Amino acid sequence: MIIIGGGAAGLMAAATAGQRGRRALVIEHKSQLGAKILISGGGRCNFTNLDAMPDRFLSNNKHFCKSALKRYTQHDFIALVEKHNIAYHEKKLGQLFCDGSAHAIVNMLRDECEAAGVTLRTGLAVSDVAKSDHFRVSTSGGDFMAANLILATGSLSIPKMGATGFAHDVAKQFGLPITETRPGLVPLTASASDLPWMSGLTGVSADCVVSCNNGRFRENILFTHRGLSGPAILQISSYWREGASLTVDFLPDADADVFIARKKDRPKADIKTILGEILPQRLADCLLGFGLAAGPIGALQDKTLRQMTERLKHWSITPLGSEGYGKAEVTLGGVDTAALSSKTMAAHAVPGLYIIGEAVDVTGWLGGYNFQWAWSSGWCAGQAIP
Ligand code: FDA
């Protein structure tokens, strides 16, 4: 079997198939294996999530990921990490990171592959894939033939790291459908009217609830010189569509009467001071500047305070766009799951062809979910190769 792509999913598939006694060749076009693993999680690789449940994945078919995630779970991957004595910790929200460098994860996968007799070839550019009774993969290092081919070349995010739409192109060549692709887990840019106040807050972050379409996340948002970022925005970006508005709750722990209670306690305090006790002061000052309220809280009517609270809990922002594939952690969409077996990742219509990882229309939340999909889908294909 040939696996094109020596990233997370490809290495997992190769090791799994090799351990079953299958002869596996990995072809990677870059000089290095697992480049995205190395830069992930700020260099410490957020390699899975303790809560890697199917409802944290986006796809045209939300049921597709269930089988693979159940057959090779986050606990299976954690056991592998522990077998290799890699120290790790939970940072927050079930997110598991290496204590040390992400190199440990790439070394672990390489060791697993080598122990299973997998041949790893880096720096080979693939020029063509063809099929008669076998697959022929033409590369800068010659042609390779195999009865089974796994496409594990990831997707379009971060082209400067070598990301390509190769898997989609080959899938199309074999007549498989591709769902619409777009950048996910990506910062959003401000409209011309929002840019002045947002860029004025560059570097300010606040704990908020952000919602859009069916997504809702409580995490920090970060203002930038181009618009919005931070984990809450990266998460919601996968649910956002051009033209849609985000609703930001700047006061996630407050009820409608939060300021009325404070007015009774400290009527002389300025509303800026009061709001600055809940939000970063620069953000509080900026939001109040939208005509919400001014002066001592005792001089403000209860109605005004309730209206202000309502605005701060339902702040509407319509982003201009996203920062695109150059800044996106993942690509939404990909090879249509309708064309694949959810158990084996095999293409129904093309015997011997398997597609795994980010190339498939399955995208996880921020927080280790995307690697878990790579491990789970890669393991399933590695188990299935005849
Ligand atoms: P992946 O991209 O890992 O591997 C594909 C491989 O195929 C690459 O090595 C590529 O060079 C190779 N390739 C491409 N085209 C080829 C061709 N034509 N011929 C040969 N080889 C080719 N996820 C997560 O769960 N936790 C995290 O902490 C992070 N952090 C993170 C940070 C950043 C900056 C990014 C960009 C992404 C993340 N991710 C993440 C997402 C995660 O990296 C991603 O979901 C997985 O790497 C996808 O695994 P794949 O194996 O499908 O693709």
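Keep in mind that what you see is a predicted model, and the values were worked out from it rather than measured. Remember, it's 1-based here, ligands and their atoms both numbered in the order they're listed.
Looking at atom 2 (O) of ligand 1, its nearest protein heavy atom turns out to be Lys36 CD, 3.6 Å. Distance from atom 44 (C) of ligand 1 to its nearest protein heavy atom, with residue and atom name: Glu358 OE1, 3.2 Å. Of all protein heavy atoms, the one closest to atom 30 (N) of ligand 1 is Ser40 CB, 3.3 Å. Nearest protein neighbour of atom 4 (O) of ligand 1, counting heavy atoms only, is Gly7 CA, 3.3 Å. Protein heavy atom closest to atom 15 (N) of ligand 1, with residue, atom name and distance, is Thr164 OG1, 2.8 Å. Here the protein heavy atom with the shortest distance to atom 37 (C) of ligand 1 is Glu329 O, 3.2 Å. Of the protein's heavy atoms, Phe371 CE2, 3.7 Å lies nearest to atom 46 (C) of ligand 1. In this structure, the protein non-hydrogen atom closest to atom 22 (C) of ligand 1 is His29 CD2, 3.3 Å.
Nearest-heavy-atom check against atom 10 (C) of ligand 1 across Gln372, Lys327, Glu28 picks out Glu28.
A perpendicular orientation is assigned to the rings of Trp197 and Trp315, their planes being inclined by more than 60° (bins at 30° and 60°). Using cut-offs of 30° and 60° on the angle between ring planes, the pair Phe97 and His89 is parallel.
Checked by distance only, ligand 1 and Asn46 come closer than 3.5 Å through their nitrogen or oxygen atoms. For ligand 1, the polar-atom distance check finds an N/O of Ala8 within less than 3.5 Å of one of the ligand's N/O atoms. Ligand 1 has no N or O atom lying under 3.5 Å from any N or O atom of Ala35, backbone or side chain. In terms of polar-atom proximity, defined here as any N/O pair under 3.5 Å, Cys45 makes no such contact with ligand 1. Between Ala9 and ligand 1, a contact under 3.5 Å exists for at least one N or O pair.
Judged by distance alone, the side chain of Trp240 and the main-chain N or O of Gly321 form no donor-acceptor pair under 3.5 Å. No side-chain donor-acceptor contact under 3.5 Å links Ser237 to the backbone of Gly184.
The pair Glu242-Arg182 does not count as a salt bridge, with every side-chain nitrogen at least 4.0 angstrom from each carboxylate oxygen. Between Glu219 and Lys92 there is a salt bridge, since a side-chain N of the basic residue sits under 4.0 Å from a carboxylate O of the acidic one.
A 4.5 Å side-chain heavy-atom check between His168 and Thr181 finds at least one atom pair inside the cut-off. With contacts defined as side-chain heavy-atom distances shorter than 4.5 Å, the pair Asp253/Arg218 qualifies. Put simply, the side chain of Tyr239 does not reach to within 4.5 Å of the side chain of Arg216, judged on heavy atoms. Side-chain atoms of Leu234 and Pro187, non-hydrogen and from C-beta on, do get closer than 4.5 Å to each other.
Distances below 4.0 Å separate heavy atoms of Gly41 from the following atoms of ligand 1: 28 (O), 30 (N). Against a heavy-atom cut-off of under 4.0 Å, Gly368 is close to the following atoms of ligand 1: 24 (C), 25 (O), 26 (N). Using a 4.0 Å cut-off to heavy atoms of Tyr369, the atoms of ligand 1 that qualify are 25 (O). Each of the atoms 19 (N), 20 (C) of ligand 1 lies under 4.0 Å from some heavy atom of Ile4. Close contacts of ligand 1 with Ala152, meaning ligand atoms under 4.0 Å from a residue heavy atom, involve 5 (C), 6 (C), 7 (O). For ligand 1, the atoms lying closer than 4.0 Å to a non-hydrogen atom of Gly162 are 14 (C). Near Asn370, meaning under 4.0 Å from one of its heavy atoms, ligand 1 places the atoms 23 (N), 25 (O), 45 (O). Ligand 1 places these atoms under 4.0 Å from at least one heavy atom of Ile158: 36 (C).
For an aromatic pair to be called close, the ring centres must be under 6.0 Å apart, and Tyr369 with Trp373 fails this.
If you chain together hydrophobic residues whose side chains sit under 4.5 Å apart, Ile4 and Leu11 fall into the same group.
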Could you check His84 against Leu80 for side-chain contact (heavy atoms from CB on, under 4.5 Å), going step by step and ending with a plain yes or no? CA-CA 6 Å; His84 285 257; Leu80 183 62; 4.1 Å; yes
